[in-house]
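Data block below; observations after.
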Amino acid sequence: MLAWTYRHWAVAAAATLGALVLLGVPTVLVPNGFFTREIEPTWWSYPVWGAGAVLSGLLAATYVGRGGEREGNTRGGLGGVVLTWLAIGCPVCNKLVLLALGASGALAWFAPLQPVLAAAGLALLAVALRARLRTADSCPFPPSRG
């Protein structure tokens, strides 16, 4: 990251802001009139939200400037964002969780799992970022001449 250009940092900042909005509005960490939340956010939701957004922004910046030269697996980053979103969301506001577990099951089973989902989501984002940064200076293997 020490060799990043202004363009990398601009993309990182814009993607971080985008992730803050995309994660914060539906989970009502950013109060809004579009979504409601039945249960107040936990104290750790805000740091997880911020850390997830920063990691997502940095990960997005790793895709700048090489013209698709480096092929990478994006599932780790996407999985990390999804797990982070599930972790900071309201346990009884998630329709899939309600269909699968019901309201009492969401509170009894899903809510206690949310910190684990948060840790897993942030870990996936960090691993994806590390993998992208480790290959940042690599180039494609030259074709064989044989």
Side-chain angles (χ1 to χ4, degrees), residues 1-101 106 109-146:
M1 289 179 9
L2 293 174
W4 278 9
T5 64
Y6 172 77
R7 187 170 164 213
H8 286 96
W9 290 109
V11 168
T16 297
L17 288 174
L20 283 170
V21 170
L22 289 175
L23 290 172
V25 170
T27 60
V28 194
L29 295 180
V30 174
N32 63 80
F34 298 111
F35 298 96
T36 59
R37 187 175 179 116
E38 301 297 322
I39 297 173
E40 289 298 313
T42 56
W43 67 269
W44 52 263
S45 294
Y46 293 98
V48 168
W49 172 45
V54 168
L55 287 170
S56 298
L58 292 173
L59 185 60
T62 64
Y63 289 91
V64 171
R66 291 294 205 127
E69 193 174 292
R70 287 181 290 138
E71 293 298 323
N73 187 344
T74 59
R75 287 179 287 190
L78 181 60
V81 171
V82 170
L83 287 177
T84 301
W85 176 74
L86 288 171
I88 63 176
C90 173
V92 295
C93 300
N94 187 323
K95 304 300 184 232
L96 295 175
V97 172
L98 281 178
L99 284 174
L101 303 173
W109 294 92
F110 184 68
L113 274 176
Q114 285 181 297
V116 175
L117 295 176
L122 293 177
L124 273 175
L125 284 167
V127 166
L129 176 61
R130 182 173 185 262
R132 293 287 302 172
L133 290 173
R134 288 185 67 158
T135 60
D137 293 327
S138 66
C139 59
F141 193 78
S144 63
R145 296 184 183 185

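Since the model is a prediction, treat every value here as computed from it, not as a measurement. Index from 1, following the sequence.
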When you compare the side chain of [Y] with that of [X], does any pair of heavy atoms fall below 4.5 Å?
{"X": "Leu125", "Y": "Leu59", "answer": "yes"}
{"X": "Val54", "Y": "Leu58", "answer": "yes"}
{"X": "Val30", "Y": "Val21", "answer": "no"}

Pairs satisfying side-chain hydrogen bond (donor to acceptor under 3.5 Å, both in side chains), at least one member in residues 44-59, at least two apart: Thr42-Trp44, Thr42-Ser45
Closest heavy-atom contact between [X] and [Y]?
{"X": "Cys93", "Y": "Thr36", "answer": "SG-O, 3.9 Å"}
{"X": "Gly52", "Y": "Thr84", "answer": "CA-CG2, 4.4 Å"}
{"X": "Gly57", "Y": "Ala15", "answer": "CA-CB, 3.6 Å"}

Tell me, please, which residues at least two apart from [X] pass side chain to side chain contact (heavy atoms under 4.5 Å, CB included).
{"X": "Arg7", "result": "Thr5, Val64"}
{"X": "Ile39", "result": "Cys90, Pro91, Val92, Leu107"}
{"X": "Val28", "result": "Phe35, Arg37"}

Reference residue Val81; test side chain to side chain contact (heavy atoms under 4.5 Å, CB included); the match among Leu22, Leu23, Leu86: Leu23
Nearest-0.5 Å distance that lies between atom CG in Leu55 and atom CG in Leu122: 6.5 Å
Between CG on residue Leu124 and CG on residue Leu129, distance to nearest 0.5 Å: 12.5 Å
Inter- and intrachain pairs under ring-ring contact (aromatic ring centres under 6.0 Å, His included), touching residues 4-25, at least two apart: Trp4-His8, Trp4-Trp9
Pairs involving residues 76-98, ordered by first then second residue, that meet ring-ring contact (aromatic ring centres under 6.0 Å, His included) (sequence neighbours left out): none
Main-chain N/O of Ile88 paired with Gln114 side-chain donor or acceptor, under 3.5 Å: no
Residues Phe110, Leu117; criterion side chain to side chain contact (heavy atoms under 4.5 Å, CB included); working and verdict: CA-CA 10 Å; Phe110 184 68; Leu117 295 176; 3.7 Å; yes
